[in-house]
Amino acid sequence: MTEKLYLECNSGIAGDMMVAALLDLGADREVLTQVLDSIPADGYRIEMKRVKKGGVDCQDFNVILDHVHENRDHDMEYLHGHEHHHGHGGSDACSHGEHHHHHEHRGMKEIMEILNQTKMTDGARMLAVKIFGILAAAEAKAHAVPVNEVHFHEVGAIDSIVDIVAVAVCMDNLGIREVIVPKLCEGTGTIRCQHGILPVPVPAVANIVSEHHLPLQIMDVQGEFVTPTGAAIVAAVKTSECLPKTFCVEQIGIGAGKREYERPSMLRAMLIEDAKQKQPDMNNGDVAGSGYDAEPTCDTIWKLESNIDDCTGENLGYVMDRLLEAGAKDVHYHSVYMKKNRPGWQINVICSEEDVKKLEKLIFRETTTIGIRRVKMERSVLKRESITVETPYGSAKVKRCFVGDEIRNYPEYDSIIEICKKENLSYREAYQMIQGYCR
């Protein structure tokens with residue numbers, strides 16, 4: 001299956017619409033159900049069914065809350081004088097509706113705990129964390145509070161958590177790597193919410209659109225078509241705004257929204273492939289594909305090794321720092337037993353050929369060794385690069401490695417610790433949060 005997704009947001013986008021469209025594209029419902037069943041929360045059930053929007057057959061995904069957790073969306077009543085209309089989905093009623101007094105508020109810490117306890121793949125978890133991080137930054141800016149003090153109100157309610165987790169699981173399950181979103185179509189007017197009457201786009205959506213440079217088209221239709229969750233999803237997954245000049249449509253999924261506006265509320269998602277990629281390779285009969293040219297490269301290195309039984313731990317710790325500063329690629333010690341049953345340490349230094357003599361001199365000068373063994377070694381090396389990602393908690397350095405078609409992101413220790421200390425996060429929370437922004 002192709003890995004390039006085109007989102008046609010001519011009627012906006014919301015969390016439940018995105019889930020439904022991905023299910024219609026073929027995301028595994030059993031996998032999704034198992035993940036949703038593992039979310040450590042109750043008070044809801046899931047309904048998946050077929051519905052019609054403007055006469056078009058669509059997939060619907062609905063999080064149905066019990067009376068204690070239920071959201072109420074009065075936006076339609078305010079705009080048009082109607083009653084009992086619901087929003088794009090219960091999950092996004094935040095920008096958009098008044099709620100029962102029992103409504104739950106959650107901060108990033110509580111949401112991270114829920115995501116960590118939910119049984120899903122690391123890729124899905126990273127995407128869910130990224131979406132929530134984008135929402136947190138947008139809400140923090142809207143209310144002028146630090147990110148770690150943001151309480152998500154409706155977005156922190158279980159229906160929104162379910163929608164965001166479901167989107168992440170379905171995206172991961174379909175193996176989508178590229179997402180093209182040419183524009184987001186939004187309505188006009190005002191909307192009533194817990195904070196009062198707000199303009200459309202609501203502040204959270206406006207902040208996301210601004211921060212992530214999302215293309216916005218304002219339609220001459222009253223109502224909110226782009227929800228904060230929908231905007232955050234696009235910001236998290238979009239890789240391009242430009243469709244190929246020609247492409248083939250491999251699969252179509254249509255997700256239904258809940259609001260009844262002049263324009264039918266539905267999101268069309270298409271799995272596409274560049275037309276040129278469909279040309280057969282005459283040499284091997286294969287279809288040309290797009291992937292990462294990430295075969296390991298080969299080079300040679302040198303290993304310097306020496307056994308030492310009469311150096312202090314402080315001395316050896318200092319030597320390690322000096323060797324790394326002088327250009328060693330890696331330095332490590334392991335314990336050995338030497339002559340006369342003396343416990344000692346074996347120093348191992350990995351370096352390039354041009355650094356051998358310099359590092360040997362340093363070892364002789366700074367330790368008590370009288371001999372150094374050296375051996376030339378061949379190795380395979382993955383393609384890698386150092387990148388900096390921006391998170392709501394500041395910049396973080398990440399080592400990115402390429403393994404065939406797979407990209408692996410490893411946050412750097414110093415960046416993790418800096419965020420942990422600054423924001424009072426656990427190491428795991430900071431690590432997963434940074435990974436979530438590497439997509």
Side-chain angles (χ1 to χ4, degrees), residues 7-21 53-54 58 60-63 70-99 103 131 134-135 138-139 141-143 152-157 159-160 163-164 167 181 183-212 214-236 255-268:
L7 291 179
E8 186 183 76
C9 304
N10 291 340
S11 297
I13 183 170
D16 60 332
M17 295 168 71
M18 183 68 169
V19 179
K53 288 286 179 179
C58 305
D60 183 61
F61 178 83
N62 198 11
V63 182
E70 185 180 3
N71 290 338
R72 294 287 185 180
D73 182 359
H74 295 280
D75 176 45
M76 295 301 297
E77 180 182 349
Y78 175 72
L79 287 173
H80 303 296
H82 300 158
E83 294 183 357
H84 308 304
H85 285 281
H86 293 279
H88 263 314
S91 61
D92 289 313
C94 164
S95 45
H96 350 128
E98 294 175 353
H99 303 271
H103 205 81
I131 294 169
I134 291 169
L135 279 169
E139 294 289 354
K141 184 175 181 180
H143 301 294
F152 285 97
H153 306 291
E154 295 82 355
V155 177
D159 45 349
S160 289
D163 277 356
I164 289 172
V167 167
V181 187
K183 63 183 178 181
L184 297 177
C185 291
E186 177 62 298
T188 61
T190 57
I191 203 157
R192 181 182 298 167
C193 81
Q194 192 173 45
H195 302 290
I197 296 175
L198 300 176
V200 176
V202 297
V205 170
N207 289 340
I208 293 169
V209 167
S210 172
E211 179 68 24
H212 298 274
L214 303 182
L216 191 66
Q217 178 180 322
I218 301 298
M219 306 179 292
D220 188 20
V221 180
Q222 278 199 324
E224 181 189 30
F225 286 78
V226 179
T227 69
T229 299
I233 289 167
V234 172
K258 306 299 187 295
R259 288 191 176 165
E260 300 297 335
Y261 286 138
E262 299 172 27
R263 182 176 295 201
S265 178
M266 57 186 180
L267 173 68
R268 184 157 64 172

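This chain uses plain numbering: 1 for the first residue, then up along the sequence.
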Report the C-alpha distance between L214 and V181 in whole Å, list the side-chain angles of each, state the deciding distance to 0.1 Å, and finish with yes or no for side-chain contact (heavy atoms from CB on, under 4.5 Å).
CA-CA 9 Å; L214 303 182; V181 187; over 6 Å; no
Can you tell me how far [atom2] of [Y] sits from [atom1] of [X], rounded to the nearest 0.5 angstrom?
X	Y	atom1	atom2	value
S11	M219	OG	CE	6.5 Å
E224	T190	CD	OG1	11.0 Å
N10	M266	CG	CE	9.0 Å
Q217	F225	CD	CZ	11.5 Å
D163	D159	CG	CG	7.0 Å

Going through the distances and angles, do M18 and L7 end up as a side-chain contact (heavy atoms from CB on, under 4.5 Å)?
CA-CA 9 Å; M18 183 68 169; L7 291 179; 3.8 Å; yes
Is the closest side-chain heavy-atom distance between [X] and [Y] below 4.5 Å?
X	Y	value
I208	I134	yes
C185	K183	yes
K258	D60	yes

Give the intermediate values and the outcome of side-chain contact (heavy atoms from CB on, under 4.5 Å) for residues N62 and D16.
CA-CA 7 Å; N62 198 11; D16 60 332; 5.7 Å; no
List the atom of [X], the atom of [Y], and the distance in Å for their closest heavy-atom pair.
X	Y	answer
C58	A256	CB-CB, 3.9 Å
L267	A21	O-CB, 3.9 Å
F61	A20	N-CB, 3.9 Å

Side chain to side chain donor-acceptor pair (under 3.5 Å) involving E211 - partner list, sequence neighbours excluded
none
With sequence neighbours left out, write down each residue that passes side chain to side chain donor-acceptor pair (under 3.5 Å) with K53, or none if nothing qualifies.
E260
E186 side chain to V226 backbone, donor-acceptor under 3.5 Å
yes
Compile the donor-acceptor pairs under 3.5 Å between side chains in residues 197-204 and protein atoms, sequence neighbours left out, one pair per line.
none

